[in-house]
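One structure is given here, and the rest of the page talks about it.
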Amino acid sequence: MSVSKFFDSDVIRAELVEINRLQEELYTNMIHFDFLTEKEKVRNLDLLSDLLEKQQIMWTRLSLEDSEDAQLMKDHIQASAVLMGFKEDTDIGLLFKNMQNTIEEIRKSLDKDSTVN
């Protein structure tokens with residue numbers, strides 16, 4: 001593995017800061033989720049979708065990087081997936097895609113519920 005300045009990149013650091021900001025906002029909102037309006041719940045879905053998209057892009061960047069620091073982060077992400085109950089050999093890219101599909105299904109369900117009411 002090569003030595004890299006992957007995490008020294010301004011673009012990478014800015015994306016990681018944004019991922020962290022989105023995660024913190026979502027965690028804060030989840031505490032009060034039952035009390036959110038439908039509009040706020042939809043906004044949370046939008047935030048979650050944005051977060052997943054950014055995480056998926058970061059995963060792709062990490063996958064294209066052969067440095068030790070990038071591989072360590074990939075290993076950490078894979079280990080986190082295992083802690084969440086996924087198999088060790090789970091394709092993280094596919095996991096992100098499936099999560100996005102789930103969000104779209106939830107969004108459709110909310111849209112359907114709002115037209116019924």
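Below, each value reflects all heavy atoms present in this structure, side chains not excepted, and no hydrogens, waters or symmetry copies.
Listed by chain and number, the residues in a salt bridge (Lys or Arg N to Asp or Glu O under 4.0 Å) with R107 are D46, E104 (sequence neighbours excluded). Among residues two or more places apart in sequence or in another chain, the side chain to side chain contact (heavy atoms under 4.5 Å, CB included) test is passed with Q100 by S49, L52, E53, I103. Here V11 pairs with S9, R61 under the side chain to side chain contact (heavy atoms under 4.5 Å, CB included) rule; sequence neighbours left out. Under the side-chain hydrogen bond (donor to acceptor under 3.5 Å, both in side chains) criterion, E18 pairs with R21, not counting sequence neighbours. Every salt bridge (Lys or Arg N to Asp or Glu O under 4.0 Å) that E105 has, sequence neighbours left out, goes to K108.
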Output side-chain donor-acceptor pairs under 3.5 Å for residues 82-89, partner residues at least two apart or in another chain, one line each.
none

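Here I77 contributes atom CD1 and F96 contributes atom CZ; the two are 6.0 Å apart, rounded to the nearest 0.5 Å. The distance from atom CG of L62 to atom CG of L72, rounded to the nearest 0.5 Å, is 10.5 Å. Atom CE of residue M30 and atom CD of residue Q23 lie 12.0 Å apart, to the nearest 0.5 angstrom. Considering CD of E38 and CD of E40, their distance stands at 10.0 Å, rounded to 0.5 Å. In this structure, OG on S67 lies 11.0 Å from CE on M73, to the nearest 0.5 angstrom. K41 NZ to F33 CZ: the interatomic distance, rounded to the nearest 0.5 Å, is 5.0 Å.
Of all heavy-atom pairs spanning L36 and N29, the tightest one is CD1-O, 4.1 Å. Between M58 and I19, the shortest heavy-atom distance links the atoms CB-CD1, 4.2 Å. Nearest heavy-atom pair, G93 versus Q56, reported as atom, atom and distance to 0.1 Å: O-NE2, 3.7 Å. Among all heavy-atom pairs drawn from A70 and F6, the shortest one is CB-CD2, 4.4 Å.
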Task: Steps toward side-chain contact (heavy atoms from CB on, under 4.5 Å) verdict (N98, L94) - done: CA-CA 6 Å; N98 289 339; L94 184 59; 3.9 Å; yes
- [ ] Could you please spell out the steps behind the side-chain contact (heavy atoms from CB on, under 4.5 Å) verdict for I57 and E15?
- [x] CA-CA 9 Å; I57 291 168; E15 283 299 309; 5.7 Å; no
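Defined by atom type and a distance below 3.5 Å, a donor-acceptor pair is present between the side-chain atoms of E24 and N20.
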